[in-house]
Amino acid sequence: MCGVVGLFLKNSKLSGDLGAMTAAMLAVLTDRGPDSAGIAIYDPAKAGKVKLTVRAEAGADWDALAARLAEAIGAKVKVAPRDTHAVLKLAEDAADDAFHALATIAPEVTLMSRGEAMEIYKEVGLPADVTARFGIAGMSGTHAIGHTRMATESAVTTVGAHPFSTGADQCLIHNGSLSNHNNLRRVLKREGIAFGSENDTEVAAAYLTHKMAGGLGLGEALDAGIRDLDGFYTFVVATKTGFGVLRDPIACKPAVLAETDDYVAIGSEYRAMVMLPGIDTARVWEPEPATSYFWTH
Amino acid sequence: MTSFDLAAQPLRDLNRALHGIADGDNRTAWEILNPRGAHAVAVGVNQPVDITVKGNVGYYCAGMNEAATITIEGSAGPGLAENIMSGTVRVKGDASQYAAATGHGGLVVIEGNASSRCGISMKGVDIVVGGNVGHMSAFMGQAGHLVVLGDAGDGLGDSIYEAELFVRGTVKSLGADCIRKEMDEAHIATLAGLLAKAGFDADPASFKRYGSARKLYHFNVDHADAY
């Protein structure tokens, strides 16, 4: 079992409440996944800027790190620490240099996400504790997805927590389990893809990244996944402009969608949405098996 | 009318109160407010009382129902009326997967759509769905009736025993050993009775009947090489 939630705002007046609503949705699903929790939230940076979300196991002197990084790449780096994570903001054209420089000057730091809008925060612990540590409730943005994990396929660790980034501004969360992930991981490793965990969802994320690097769009990559990924899944994916959901053909992992004029919400269960404004009059339905649903701005 | 507000009182108190209804109890009408997707609302009720749930419910609502009439004024999550023994469970909205699974008796009415595995392993329950049913509905159905006013998904009636299926719309595919069967006067009468009980106005003659080809009942020695 695991819990998935997502909130895509159609009405920008709600953007200031995005973090609070997503954190509240996630907390309801604690009993579906008390092991770890994570959230990907999308709040566009200024034009020409990019955000790197990084994590250090025992925290770090983030100001000093930002200064060293700025020196290494010869560009300004702004840092916004949040518990074990920090968001580094810098010019888009310096992002590749920063990515490579980080590995040298701060090997203890893990890159969680990269993109113009996406920030990923995840840690081991109860969902309410994890979202409180990061101050998720105070965040704003355009859309967000979140996950509460009940570990079945690999250890309870931060790298095994969801979301998994599948590329710049793209990520994936998963309720279910894949049965062919070991074989698929071997295939993808031969293609030169590196893995940070034994987690099955990381393989799905890497698979999508690989397919998209080969020229497929996200929707096409997900359709290919229906053929190549064997197992149970309700996937929720998010991109810079929106999010989507895909369930496997057997569809034993639950999902509920709700739509009003103001938002589209996804949850493993309806009770994760009951605090949303206007939910009593929302259109509520269950996504069909093996059918992808997407909303974009 | 006995009213119970789940926003103010815990779910366990509700189910405890419902289980505490004694023979001849004069609290015969109940209303449950603010279910807000809660799990296991009104499970194991075994008295002939009327219960109305004002809103959407989560997993396992009205499970193991015996004698009660339970109406959900909203949609239901997975496992609605699981193992129902008797009485009536009616959902005004949709029901999620495996509604009325293993039901032994009684009537389950879903006015909207039911998703996958509706009536899986049904053992005597009557199920009437106003909309569509998802894949693998009535899987291994042993007895009872499944009536679908809309369409049925893949694998309808897979490995079915003696449950009878009536579908008005299209069937995406039939499961193993499930075949279309003729409708005679007795079937039309049975179906008309079920539609009337469920409160649907539909012409029984517009339905098709499906059931077991009875080829999976016994080991067939001609297939020994296949194992």
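Protein chains get the first letters and strands the later ones, always in sequence-line order, with residue 1 at the start of each.
Looking at residues two or more places apart in sequence or on another chain, you find a side-chain contact (heavy atoms from CB on, under 4.5 Å) between A:M1 and A:R32, A:M150.
Scanning residues 251-271 of chain A against chain B with a 4.5 Å non-hydrogen threshold yields A:A251, A:C252, A:P254, A:E269, A:Y270, A:R271, sorted by number.
Of the atoms belonging to B:S116, it is side-chain heavy atoms, and not backbone ones, that fall under 4.5 Å from chain A. There is no contact between A:I279 and chain B, counting heavy-atom distances below 4.5 Å. Residue B:Y98 does not touch chain A at all, counting heavy-atom pairs closer than 4.5 Å. In this structure, the portion of A:P289 lying under 4.5 Å from any heavy atom of chain B is its side chain and not its backbone.
Most heavy-atom pairs under 4.5 Å with chain B: of the set A:D280, A:V284, A:I250, this distinction falls to A:I250.
Within 6.0 Å of CZ on B:F207 lie more than 12 heavy atoms contributed by other residues, nucleotides or ligands. In B:F200, the CZ atom is crowded: over 12 heavy atoms of neighbouring residues, nucleotides or ligands sit closer than 6.0 Å.
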